[in-house]
Trainee: 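The structure under discussion is supplied below as structure tokens; questions concerning it will follow.
First listed ligand is number 1; within each ligand, the first listed atom is number 1. Position 1 is the first residue of the sequence; numbering continues from there.
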Amino acid sequence: MIEMRGLSRSFGNNRVVNNLNLTINEGEVFGFLGPNGAGKTTTVRMLACLIRPTEGTAILDGKDISKEQDAMKIRQEIGLLTESPGLYDTLSAHRNLEFYAKLYDVPVAKRDAQIEHYLKMLGLWEKRDEPVGGFSKGMKQKMAIARCLLHEPKVLFLDEPTSGLDPEASRMVRDFIMELKGEGRTIFLCTHNLDEADRICDRIGIFKGSLLGVDAPSRLKNDLYGRSISIQLKTIEPGLVQKLEALGYVKNVAIADHTITMNVASPEQDNPALVKALVSMGADVQFVYENKHTLEEVYFKIMGAAK
Ligand SMILES: Nc1ncnc2c1ncn2[C@@H]1O[C@H](COP(=O)(O)OP(=O)(O)OP(=O)(O)O)[C@@H](O)[C@H]1O
């Protein structure tokens with residue numbers, strides 16, 4: 001759906017995005033993570049045809065962001081949620097969306113239905129006649145989301161959609177993103193919320209001027225940390241570590257209190273045999289669980305290695 005080919009952007013001598021080669025698949029939620037000033041918004045602005053690349057290009061749904069005729073079409077076909085909601089405070093929710101529906105060339109016959117659909121979906125229908133100046137930050141963010149969906153874009157760029165929202169509003173926005181994914185839309189999401197990215201993204205790109213890592217969150221974790229399990233036993237007999245290591249498929253065995261922690265290639269495959277082996281060694285197994293690493297750990301490890 002989006003194919004970046006050596007995409008680069010400099011501001012004067014400052015090369016902010018450097019040779020980005022990345023493909024975003026149709027229907028996926030792709031999380032673009034990186035520190036402040038990493039070049040995430042600059043990347044989005046290039047992909048949304050608001051600024052031009054200085055080198056390289058990207059192909060979005062078959063159209064080239066560097067070609068002016070294609071850029072016009074891309075701007076009409078995508079949805080872009082920026083960090084500022086871009087609403088008219090004195091206009092009502094309905095009037096604001098009417099204004100943008102016109103701007104996006106939503107056919108007149110469809111406008112009211114589209115506005116009603118999204119105001120209802122986002123829980124703002126009852127407030128449709130109130131000026132948005134009096135709306136809370138979360139309500140304004142919902143309005144901004146409705147605005148960027150009015151023309152039913154297949155590709156959405158969401159730049160920090162939950163920034164500054166309370167937990168309830170953030171969850172609502174996250175659920176909404178999953179609904180949009182369910183409708184088959186492709187979503188390019190910039191966020192500083194690593195837990196959010198972990199929960200909703202199919203793949204993650206960790207970026208700081210260039211791409212430092214890209215994969216599904218679970219694969220990034222497994223590649224960096226391997227898969228680790230802990231088994232709690234009623235008592236631990238001397239010599240157990242050596243016996244476990246002799247099994248061959250268990251690595252890095254460590255014991256703390258009544259718990260043995262170790263790496264296995266695949267807990268799904270290895271745990272049943274491992275538990276049987278422990279029982280045959282006379283151990284009383286109380287709990288078996290996988291030790292989960294967080295995306296935050298992955299992020300800091302990758303960022304640390306890049307320094
Ligand atoms: N129009 C511009 N002129 C000059 N420099 C710019 C311009 N736009 C962005 N930059 C610079 O490019 C760099 C990357 O900015 P960008 O906004 O893309 O980062 P970001 O990853 O989105 O950061 P944040 O997480 O803080 O939003 C920054 O150093 C910024 O100052």
Side-chain angles (χ1 to χ4, degrees), residues 2-24 29-58 60 65-66 68 71 74-75 78-87 137-138 140-141 144-145 147-148 155-166 169-170 173-174 177 186-201 203-215 217 220 294-307:
I2 309 173
E3 194 190 330
M4 298 165 227
R5 300 177 181 165
L7 188 67
S8 306
R9 173 75 202 203
S10 301
F11 294 105
N13 292 328
N14 186 11
R15 198 168 170 85
V16 172
V17 177
N18 186 22
N19 193 26
L20 181 54
N21 293 293
L22 175 65
T23 299
I24 311 299
V29 179
F30 187 88
F32 204 44
L33 311 181
N36 291 130
K40 303 179 300 293
T41 302
T42 303
T43 303
V44 166
R45 294 183 72 212
M46 285 191 281
L47 296 174
C49 301
L50 299 180
I51 56 171
R52 281 180 170 260
T54 38
E55 281 164 56
T57 193
L60 198 147
I65 61 164
S66 303
E68 198 40 53
I74 292 171
R75 280 186 215 111
I78 59 158
L80 174 64
L81 179 81
T82 59
E83 283 165 89
S84 60
L87 301 165
K137 194 166 178 171
K140 283 185 179 166
Q141 189 67 337
I145 293 172
R147 185 195 66 197
C148 78
V155 181
L156 277 165
F157 294 98
L158 305 178
D159 201 353
E160 300 184 34
T162 57
S163 146
L165 300 189
D166 68 27
S170 300
V173 170
R174 272 197 301 275
I177 293 173
T186 306
I187 297 165
F188 190 88
L189 169 74
C190 298
T191 179
H192 289 296
N193 186 330
L194 300 175
D195 184 46
E196 169 174 292
D198 200 357
R199 276 194 261 171
I200 66 175
C201 295
R203 285 191 308 147
I204 300 284
I206 298 183
F207 182 78
K208 191 179 173 190
S210 56
L211 203 54
L212 305 175
V214 58
D215 215 327
L220 284 171
T294 62
L295 191 60
E296 186 176 79
E297 289 172 281
V298 169
Y299 178 90
F300 284 118
K301 195 160 182 174
I302 290 179
M303 279 297 160
K307 273 184 186 155

Trainee: Under the rule for side-chain contact (heavy atoms from CB on, under 4.5 Å), what residues qualify as partners of T82, not counting sequence neighbours?
Mentor: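 Testing T82 for side-chain contact (heavy atoms from CB on, under 4.5 Å), a comparison that skips the adjacent residues, returns L80, S84.
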Trainee: Tell me whether atom 31 (O) of ligand 1 lies less than 4.0 Å from at least one protein heavy-atom position.
Mentor: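 Neighbour list for atom 31 (O) of ligand 1 is empty of protein heavy atoms (cut-off 4.0 Å).
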Trainee: Please indicate, with yes or no, if any protein heavy atom is found under 4.0 Å from atom 13 (C) of ligand 1?
Mentor: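 For atom 13 (C) of ligand 1 the answer is yes, since some protein heavy atom falls inside 4.0 Å.
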Trainee: Where's the contact between V16 and ligand 1, heavy-atom distance under 4.0 Å: side chain, backbone, both or neither?
Mentor: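 The answer is the side chain of V16.
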Trainee: Starting from atom 29 (O) of ligand 1, which protein heavy atom do you reach first, and at what distance in Å?
Mentor: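 Here the closest protein heavy atom is N14 ND2, 4.0 Å.
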Trainee: Please report the interatomic distance CG(L7) to CG(N18), rounded to the nearest 0.5 Å.
Mentor: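 One finds 10.5 Å between CG of L7 and CG of N18.
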Trainee: Quick one: look up the protein heavy atom nearest atom 17 (O) of ligand 1 and list residue, atom name and how far away it is.
Mentor: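 Ranking protein heavy atoms by distance from atom 17 (O) of ligand 1, first comes T41 CB, 3.6 Å.
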Trainee: Would you mind listing which atoms of ligand 1 come within a distance below 4.0 Å of any non-hydrogen atom of H192?
Mentor: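 Near H192, meaning under 4.0 Å from one of its heavy atoms, ligand 1 has 25 (O).
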Trainee: What's the spacing between N21 CG and E3 CD if we round to 0.5 Å?
Mentor: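 So the gap between those two atoms works out to 9.0 Å.
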Trainee: Among protein heavy atoms, which lies nearest atom 9 (C) of ligand 1, and at what distance?
Mentor: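 Checking every protein heavy atom, the shortest distance to atom 9 (C) of ligand 1 gives F11 CE1, 3.5 Å.
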Trainee: Would you say T162 and R174 are linked by a side-chain donor-acceptor pair, where the criterion is simply a distance under 3.5 Å?
Mentor: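 No, no side-chain donor-acceptor contact under 3.5 Å.
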Trainee: Under a 4.5 Å cut-off applied to non-hydrogen side-chain atoms, are R15 and S8 in contact?
Mentor: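 Counting from C-beta outward, R15 and S8 do come under 4.5 Å.
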Trainee: Taking the side chain as C-beta and beyond, is there a heavy-atom pair between F11 and I51 under 4.5 Å?
Mentor: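 They are in contact (side-chain heavy atoms under 4.5 Å apart), so the answer is yes.
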Trainee: Could you give all pairs that pass the salt bridge (charged side-chain N to carboxylate O under 4.0 Å, His left out) test and reach residues 203-214, with sequence neighbours left out?
Mentor: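 Found E28-R203.
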Trainee: I want to check something: taking the side chain as every heavy atom from C-beta on, are V17 and F207 in contact at a cut-off of under 4.5 Å?
Mentor: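 Heavy-atom side-chain distance check passes, below 4.5 Å.
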Trainee: Which ligand 1 atoms are under 4.0 Å away from a heavy-atom of E160?
Mentor: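 The atoms of ligand 1 under 4.0 Å from a heavy atom of E160 are 25 (O), 27 (O).
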Trainee: Taking only heavy atoms of A38 into account, list the atoms of ligand 1 that are under 4.0 Å away from them.
Mentor: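 Once the distances to A38 are compared, the set is 19 (O), 20 (P), 21 (O).
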Trainee: So do the side chains of L194 and T294 get within less than 4.5 Å of each other, counting heavy atoms only?
Mentor: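 With C-beta onward as the side chain, the pair stays apart.
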Trainee: Determine, using heavy atoms of G34 and all atoms of ligand 1, whether some pair is separated by less than 4.0 Å.
Mentor: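 No heavy atom of G34 comes that close to ligand 1.
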Trainee: For atom 15 (O) of ligand 1, which protein heavy atom lies nearest, and how many Å away is it?
Mentor: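 Sorting protein heavy atoms by distance from atom 15 (O) of ligand 1 puts T42 OG1, 3.8 Å first.
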Trainee: Does at least one non-hydrogen atom of C190 fall below 4.0 angstrom from an atom of ligand 1?
Mentor: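 Judged by the 4.0 Å heavy-atom criterion, C190 does not count as contacting ligand 1.
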Trainee: Considering non-hydrogen atoms of the protein only, which is the closest contact for atom 24 (P) of ligand 1, and what is the distance?
Mentor: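 Here the closest protein heavy atom is N36 ND2, 3.6 Å.
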Trainee: Please compare G12, G39, S10, P35 and report which has the shortest non-hydrogen distance to atom 19 (O) of ligand 1.
Mentor: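 Residue with the shortest heavy-atom distance to the ligand atom: G39.
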Trainee: If hydrogens are left out, which of S163, G209, G37 has an atom nearest to atom 28 (C) of ligand 1, that is, the closest non-hydrogen atom?
Mentor: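 That would be G37.
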Trainee: What orientation do F188 and F30 show, parallel under 30°, tilted 30 to 60°, or perpendicular over 60°?
Mentor: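 Correct class here is parallel.
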Trainee: Quick one: look at R45 and ligand 1, take heavy-atom pairs under 4.0 Å, and tell me if it's side chain, backbone, both or neither.
Mentor: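 No part of R45 is near ligand 1 at this cut-off.
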